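Note that the structure is a prediction, hence the values are computed from the model and not measured. Sequence positions, counted from 1, serve as the residue numbers for this chain.
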Amino acid sequence: MASRSRRNYRWSPQPLTPLMEGPDFGMEDHEGSKKESSWEVIREWFKIQRTVPVGNNFSSSMSLYGPNMSPAKMPDLKLLLGVLGCPLAPIPISNNPIFSLHIRDIPLETSTAYYIIQQYLAATGCSKQQSCAKNMYASGMVKLIRCETEISTGKNVRTMGSRSGENGCFVLWRMSPEMWSLELSVGGNKVVAGSDGKIVWRHTPWLGTHAAKGPQRPLRRIIQGLHPKSTAALFAKAQCLGEKRIGDDDCFVLKVAADRAAVMERNEGPAEVIRHVLYGYFSQRSGLLIYMEDSHLTRVHSLENDTVYWETTIGSSIGDYRDVDGVMIAHQGRTVATVFRFGETSMEHTRTRMEELWRIHDVVFNVPGLSGDSFIPPADIFDTPQTASP
């Protein structure tokens with residue numbers, strides 16, 4: 001029988017995750033009309049911020065999607081769900097570890113990282129398991145918070161925003177590193193994403209269904225403490241960069257990055273992905289993953305020959321590890337994301353900071369009846385073009 005995790009929680013903010021990391025640029029559908037995409041959501045949101053009069057910080061406490069909803073709140077929630085809802089890791093999970101090679105053929109940074117990952121597997125209890133769980137289910141609560149936006153014209157800086165947020169919940173199913181399904185509901189809107197092992201897709205009320213471009217990558221939520229073996233597989237070919245202190249813990253820092261060919265597959269129209277890097281911070285004291293950070297940079301060439309860069313940085317604190325069927329699972333976290341827009345030569349820039357708090361209510365391994373049929377993508381995914389996902 002699958003066991004359930006305990007329900008007495010000590011609520012203190014700690015991690016979560018990324019998806020959109022830039023804007024879109026006037027994609028056309030077959031009829032020639034403009035088709036909004038994930039990039040377009042971010043770009044339009046930043047346009048709205050520039051038109052807001054000084055002193056208006058949208059601090060209304062009304063619901064984002066109530067009958068008296070402020071028009072400015074809809075773009076806010078789109079941005080929050082786009083960046084923090086269901087982002088993907090920068091690289092696929094490795095199915096062919098390189099550690100069957102002789103130690104002399106492995107760079108020191110990589111062999112050191114391998115040792116750290118073995119300590120992580122031991123700390124989470126995965127090394128003791130005789131067999132792997134066939135699948136897993138997790139459910140929990142989230143709170144998305146838009147903190148502040150900084151708009152600089154080069155001569156002066158304007159800061160606006162509030163700590164108002166929206167509560168929500170999510171359900172996650174996983175059967176293999178390549179097969180997963182997520183439903184996230186916040187502020188009356190639901191984001192659904194998944195993978196059948198071949199196609200990674202997402203559906204939002206404002207974009208409909210679309211597939212992600214590039215190599216198949218895992219959901220970031222899964223690797224931030226929910227499934228230690230997936231985390232270990234993702235960092236299988238990592239480099240150890242050294243040590244760094246996070247809070248009260250001295251940590252080993254591991255780095256994985258998408259190679260040039262992989263990021264080029266994610267290019268779309270005038271948008272060019274420059275890099276996508278992920279850092280994992282593993283506590284020297286406990287051996288557990290306690291912090292994770294993404295950095296994603298995209299360059300956009302506009303019709304006016306101006307070049308604009310969009311950089312999204314997402315840092316997730318991970319904690320409250322609890323035993324579930326002999327495996328230590330992170331049950332709480334906090335993510336801080338920053339979307340930074342800047343030009344190649346202009347001094348102007350816009351920076352928006354947002355947060356997500358999450359906690360896990362239930363974790364169950366080996367759910368009876370879960371099969372590959374549970375992860376079949378929507379039929380309309382084959383009628384829509386692929387779009388770039390962070």
(message) Are the side chains of V277 and P90 in contact, using a 4.5 Å heavy-atom criterion?
(response) no
(message) As a quick check of understanding, evaluate side-chain contact (heavy atoms from CB on, under 4.5 Å) for T312 and D294, giving each step before the final call.
(response) CA-CA 8 Å; T312 299; D294 273 76; over 6 Å; no
(message) Using modelled atom types and a 3.5 Å cut-off, is there a donor and acceptor pairing between side-chain atoms of D196 and backbone atoms of K198?
(response) yes
(request) Over all heavy atoms of both residues, which pair between G326 and D323 is shortest? Give the atoms and the distance, please. (result) N-OD1, 3.0 Å
(message) When you measure from the side chain of N167 to the backbone of K143, do you find a donor-acceptor pair of N or O atoms at a distance under 3.5 Å?
(response) no
(message) Working to the nearest 0.5 angstrom, can you tell me the gap between I223 CD1 and R217 CZ?
(response) 11.0 Å
(request) Report yes if the side chains of K78 and N189 come closer than 4.5 Å at any heavy-atom pair, otherwise no. (result) no
(message) Side chains of L182 and L172, heavy atoms from C-beta outward: is any pair under 4.5 Å?
(response) yes
(message) Quick check: do S230 and R174 have side-chain heavy atoms less than 4.5 Å from each other?
(response) yes
(request) Run through T231, L234, T112, L254 and flag the one making a side chain to side chain contact (heavy atoms under 4.5 Å, CB included) with I117. (result) L254
(request) Applying side-chain contact (heavy atoms from CB on, under 4.5 Å), run through Y137 and N135 and close with a yes or a no. (result) CA-CA 7 Å; Y137 156 86; N135 57 58; over 6 Å; no
(message) Could you see if I318 belongs to whatever hydrophobic cluster contains I116? Use Ile, Leu, Val, Met, Phe, Trp, Tyr and a side-chain cutoff under 4.5 Å.
(response) yes
(request) Report yes if the side chains of R221 and L184 come closer than 4.5 Å at any heavy-atom pair, otherwise no. (result) yes
(message) For residues Y321 and M292: do they belong to one hydrophobic cluster (side chain heavy atoms under 4.5 Å, members Ile, Leu, Val, Met, Phe, Trp, Tyr)?
(response) yes
(message) Under 4.0 Å between a side-chain nitrogen and a carboxylate oxygen: does that hold for E272 and R299?
(response) yes
(message) If you apply the rule side-chain hydrogen bond (donor to acceptor under 3.5 Å, both in side chains), what do you find for R202 with H210, and how did you get there?
(response) CA-CA 6 Å; R202 181 182 67 167; H210 58 276; 3.2 Å; yes
(request) For the residue pair S195 and Q216, establish whether any side-chain heavy-atom pair is separated by less than 4.5 Å. (result) yes
(request) Please answer: with hydrophobic residues joined when any side-chain heavy atoms are less than 4.5 Å apart, are I222 and Y279 in the same cluster? (result) no
(message) Please give me the minimum heavy-atom distance between A122 and S127, naming the atom from each residue.
(response) N-OG, 3.3 Å
(request) Verify, without hydrogens or angle tests, whether D250 (side chain) and Q284 (backbone) share a donor-acceptor contact under 3.5 angstrom. (result) no
(message) So, taking the atom named CZ in R341 and the one named CH2 in W310, what distance separates them when rounded to the nearest 0.5 Å?
(response) 5.0 Å
(request) Could you grab the distance from atom CD1 of I199 to atom CD of E178, nearest 0.5 Å is fine? (result) 14.0 Å
(request) To the nearest 0.5 angstrom, please state how far the NE2 atom of H276 sits from the OG1 atom of T298. (result) 9.0 Å
(message) Assess the residue pair F340 and T313 against the criterion (side-chain contact (heavy atoms from CB on, under 4.5 Å)); give the C-alpha distance rounded to whole Å, side-chain angles, the decisive distance to 0.1 Å, and a yes or no.
(response) CA-CA 8 Å; F340 184 38; T313 303; over 6 Å; no
(message) Ignoring hydrogens, what is the shortest heavy-atom contact between I91 and P218? Give both atom names and the distance.
(response) O-CD, 3.2 Å
(request) Could you state whether V191 and F170 fall into the same hydrophobic cluster, counting links through intermediate Ile, Leu, Val, Met, Phe, Trp or Tyr residues with side-chain heavy atoms under 4.5 angstrom apart? (result) yes
(message) Salt bridge check, E243 against R245: does any charged N sit closer than 4.0 Å to a carboxylate O?
(response) no
(request) For L79 and R146, run side-chain contact (heavy atoms from CB on, under 4.5 Å): C-alpha distance rounded to whole Å, both residues' side-chain angles, the deciding distance at 0.1 Å, then the answer. (result) CA-CA 9 Å; L79 182 71; R146 178 194 154 206; 5.9 Å; no
(message) Taking R275 first and then E311, would you say they form a salt bridge - that is, a charged N and a carboxylate O separated by under 4.0 Å?
(response) yes
(request) Please report the closest heavy-atom contact between A138 and L226, naming both atoms and the distance. (result) CB-CD2, 4.2 Å
(request) Starting at CZ of R220, measure out to CG of L84 and round the result to the nearest 0.5 Å. (result) 9.0 Å
(message) Using ring centroids (six-membered ring only for Trp), state whether Y120 and F235 fall under 6.0 Å.
(response) no
(request) Output yes when a side-chain donor or acceptor of H331 lies under 3.5 Å from a complementary backbone atom of I329, and no otherwise. (result) yes
(request) Indicate, with yes or no, if I360 and M136 share a hydrophobic cluster defined by side-chain heavy-atom contacts under 4.5 Å among Ile, Leu, Val, Met, Phe, Trp and Tyr. (result) yes
(request) Using a 4.5 Å cut-off on heavy atoms from C-beta on, say whether the side chain of P215 contacts that of E265. (result) yes
(message) Working to the nearest 0.5 angstrom, can you tell me the gap between Q239 CD and T110 OG1?
(response) 5.5 Å
(message) With a sphere of 6.0 Å drawn around NZ of K190, does it hold more than 12 non-hydrogen atoms of other residues, nucleotides or ligands?
(response) no
(request) Please report the closest heavy-atom contact between C86 and A193, naming both atoms and the distance. (result) SG-CB, 3.9 Å
(request) Evaluate whether atom CG of D259 has more than 12 neighbouring non-hydrogen atoms of other residues, nucleotides or ligands under 6.0 angstrom away. (result) yes
(request) Please report the shortest heavy-atom distance between L88 and W180, naming the atom on each side. (result) CD2-CZ2, 4.0 Å
(request) Please confirm whether F282 and F252 have ring centers closer than 6.0 angstrom. (result) no
(request) Would you check if V273 and K213 make a side-chain contact, meaning some heavy-atom pair closer than 4.5 Å? (result) no
